[in-house]
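Take a look at the structure below.
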Amino acid sequence: MIFLKTPEEIELIRKACALTSLTLGEIAKWVKPGVTTLKLDTIAREFILDNGGKPACLGYAGFPATVCIEVNETVVHGFPSNYTLREGDIVGTDLVVELDGMNGDMCYTFPVGEISDEKYQLCRTTKESLYKGIEVCKEGNRIGDISNAVQRYCQNRGYTVVREMCGHGIGRDMHEDPEIPNYGRRATGPVIRSGMVLCIEPMINMGARHIVIERDGWNCRTRDRKPSAHYEHTVAVVDGKPEILTSFEPVYEVLQDRFI
Ligand code: MF3
Ligand code: CO
């Protein structure tokens with residue numbers, strides 16, 4: 001069931017998203033060669049707690065960390081570890097913050113030092129596809145319009161779309177209806193209405209679309225071990241139009257001219 005949010009509820013989600021965005025900015029300060037992914041997780045957890053939030057992924061269905069870490073071929077749900085980031089890696093950090101009972105969810109894939117042009121283009125295209133999806137996230141359109149916009153943009157540029165993982169609604173729960181696949185047909189699926197709050201999150205591969213979930217039940221990587229990128233915003237439909245509640249600005253401030 002899709003829960004439509006009141007303007008008051010959207011204000012609360014906006015606050016949760018603001019803290020999520022600031023947390024991503026804190027993570028951005030630490031993304032460089034030689035830093036472990038566990039360090040990124042610690043930074044995020046402490047910042048969230050210091051600001052009155054709750055790391056929503058920690059303990060969710062048994063997930064052991066605050067941030068999902070996605071290095072190179074990892075698609076989603078990677079565990080932070082003592083892996084040390086290396087020049088040329090790309091690392092996605094996906095996090096959900098709960099504040100006053102509401103959740104904000106976002107993901108940014110960072111370059112670690114200098115990255116190859118191939119990886120840069122993958123990240124760039126994935127991020128652009130997120131905005132293509134957001135553009136059509138308006139009242140009267142349907143969820144399939146978002147899915148189709150993302151899929152067309154990425155496939156036209158030679159990339160493939162992960163099918164097993166989707167975007168989702170959000171609010172009091174981190175995962176609410178509807179599911180938002182990153183592939184699909186226009187004019188299909190639930191109708192988009194004002195009051196919906198949706199997480200749009202393209203997960204896009206350089207090689208084949210297929211994934212493997214490791215034996216821990218979480219870490220999800222590409223089958224061919226080629227890189228995958230992932231960007232996510234939480235978006236509210238307000239007066240019929242999309243309003244992005246999360247923001248990459250804190251990340252851009254840190255990355256300066258190195259942003260993707
Ligand atoms: N941001 C992820 C998502 O979009 C969060 C899920 S990770 C989990 O669904 F560990 F909390 F499950
Ligand atoms: Co999400």
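Whatever order the structure lists ligands and atoms in, that order sets their numbers, starting from 1.
- Not one N or O of H77 is nearer than 3.5 Å to an N or O of ligand 1, by distance alone.
- One hydrophobic cluster holds both L255 and V35 under the rule that ILVMFWY side chains link at heavy-atom gaps under 4.5 Å.
- Salt bridge absent: E128 and K132 never bring a charged side-chain N and a carboxylate O closer than 4.0 Å.
- Shown in contact with D105 at under 4.0 Å from a heavy atom are these atoms of ligand 1, numbered in order with element: 1 (N), 3 (C), 4 (O).
- In V76, neither the side chain nor the backbone holds a heavy atom less than 4.0 Å from any atom of ligand 1.
- Atom 12 (F) of ligand 1 has Y60 CD2, 3.3 Å as its closest protein atom, hydrogens excluded (heavy atom only).
- The residue from I90, T36, I69, V112 that alone fulfils the side chain to side chain contact (heavy atoms under 4.5 Å, CB included) condition with L85 is V112.
- At least one heavy atom of H168 sits under 4.0 Å from some atom of ligand 1.
- Atom CH2 of W30 has 12 or fewer neighbouring heavy atoms from other residues, nucleotides or ligands inside a 6.0 Å radius.
- Within the 4.0 Å heavy-atom shell around ligand 1 one does not find M106.
- Neither the backbone nor the side chain of C199 comes within 4.0 Å of ligand 1, counting heavy atoms alone.
- Nearest to atom 11 (F) of ligand 1 among the protein's heavy atoms is C57 SG, 3.2 Å.
- For the residue pair N72/K226, the side-chain donor-acceptor check at 3.5 Å is not satisfied.
- Applying the 4.0 Å criterion to heavy atoms of M174 picks out, from ligand 1, the atoms 11 (F).
- Of all atoms in ligand 1, numbered sequentially from 1 with element shown, those under 4.0 Å from a heavy atom of V96 are 1 (N), 5 (C).
- Judged purely by atom type and a 3.5 angstrom limit, D41 uses its side chain to pair as donor or acceptor with the backbone of V67.
- Atom 7 (S) of ligand 1 has its closest protein heavy atom at C68 SG, 3.5 Å.
- Near F63, meaning under 4.0 Å from one of its heavy atoms, ligand 1 places the atoms 10 (F).
- Ring-centre distance between H230 and Y108: not below the 6.0 Å cut-off.
- Residue E201 has at least one N or O atom closer than 3.5 Å to an N or O atom of ligand 1.
- When each of V75, T126, T125 is tested with I204 by the rule side chain to side chain contact (heavy atoms under 4.5 Å, CB included), just one qualifies, namely T126.
- From the protein, the heavy atom lying nearest to atom 2 (C) of ligand 1 is D94 OD2, 3.2 Å.
- Using cut-offs of 30° and 60° on the angle between ring planes, the pair Y252 and F259 is tilted.
- For S129 (side chain) and C154 (main-chain N/O), no donor-acceptor pair under 3.5 Å exists by modelled atom type.
- Neighbouring protein atoms of the Co ion (ligand 2) (N, O or S, distance under 2.8 Å, waters ignored): D105 OD2, H168 NE2, E201 OE2, E232 OE2.
- Summarising the local packing, CD of E118 is surrounded by 12 or fewer heavy atoms from other residues, nucleotides or ligands at distances under 6.0 Å.
- In terms of polar-atom proximity, H175 is counted as a contact of ligand 1, with an N or O under 3.5 Å from an N or O of the ligand.
- The side chain to side chain donor-acceptor pair (under 3.5 Å) test applied to Y159 returns no partner, not counting sequence neighbours.
- Atom NZ of K119 is surrounded by more than 12 heavy atoms from other residues, nucleotides or ligands within 6.0 Å.
- Aromatic pair F63/F79: ring centres closer than 6.0 Å.
- When each atom of ligand 1 is checked for a heavy atom of W218 under 4.0 Å away, the hits are 10 (F), 12 (F).
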